[in-house]
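Below you'll find the structure, written out as structure tokens, and then a few comments.
We number each residue from 1, following the sequence as shown. Counting starts at 1 for both ligands and their atoms, following the listed order.
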Amino acid sequence: MSADNGAQEKGVPVTEQYWDDSRLTVLDHPLVQHKISILRSKDTTTKQFRELVRELALFEGYEATRDFPLEPVEVETPLETCTAHRVAGKKVAIVPILRAGLGMVDGLLELVPSARVGHLGMYRDPVTHEPHEYFAKLPPDVESRTCLIVDPMLATGGSAIAAIDYLRKAGVADIRLLVLVACPEGVSAVLEHDPEVRVYACQMDRELNDRAYILPGLGDAGDRIFGTK
Ligand code: URA
């Protein structure tokens, strides 16, 4: 779908050029929107929040793997032999940006159980909002894998861009960024920075505030997943 169905109308900044960019997919499924609305509520418990993040990551994984190539395979059913189809040797790495990205890993592993998991630790400088890398551990053959970078919030895009750059330097060609809530500023920053990356978001929110939080957003995703606030 085009992203404008997911965008909130009030005060959307001027990034309409990206609404038609095929590299951006905003999920429009009613169940996704329903679950995001629960995620947003300040009254949602840590347990519920964590479960919803896992489920939404799984839904988003369906969308982000939609183009995986298939190959025919002969299968004997209890009744006859038929030609079925299986994924043709696509290797996946799930790369959560620490720490909030960890909340999305289990849902994606349910979908792609053979995936490897790499970790990238980034923290945002509280004053400059610039990302700093403090930890990186990737599968040894990461360059041959489709890498799904996961982080629930795409705010300034700083951490996502740092993660994309890290993976590009490691030789990764196929990078897909999966976020739950995005904002126009973050999407623009990422798509402008990297001409090949694909971005998947469950919802496009209005804007960033002056503390680089997404509005209306859902608060600090890491704190809400881990119950640290
Ligand atoms: N990170 C979060 O967890 N929430 C935001 O709104 C922005 C960045």
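- Residue-to-ligand polar distances place I214 within reach of ligand 1: an N/O pair is separated by less than 3.5 Å.
- Residue A155 has at least one heavy-atom neighbour below 4.0 Å for each of these atoms of ligand 1: 7 (C), 8 (C).
- Closest heavy-atom approach to atom 7 (C) of ligand 1 within the set C183, A221, A212: this belongs to A212.
- With sequence neighbours left out, R99 forms a side chain to side chain donor-acceptor pair (under 3.5 Å) with D223, T228.
- Side chains of P216 and D205 form a contact here, defined as non-hydrogen atoms less than 4.5 Å apart.
- V73 belongs to a hydrophobic cluster with V75, counting contacts under 4.5 Å between side-chain heavy atoms of Ile, Leu, Val, Met, Phe, Trp and Tyr, direct or through other members.
- Screening L178, L102, L180 for a side chain to side chain contact (heavy atoms under 4.5 Å, CB included) involving V150 leaves a single residue, L178.
- Between V32 and F59, the shortest heavy-atom contact is CG2-CD1, 3.6 Å.
- Taking distance alone, with nitrogen or oxygen atoms compared against 3.5 Å, G222 stays at or beyond that limit from ligand 1.
- The atoms of ligand 1 that sit less than 4.0 Å from any heavy atom of G219 are 2 (C), 3 (O), 4 (N), 5 (C), 6 (O).
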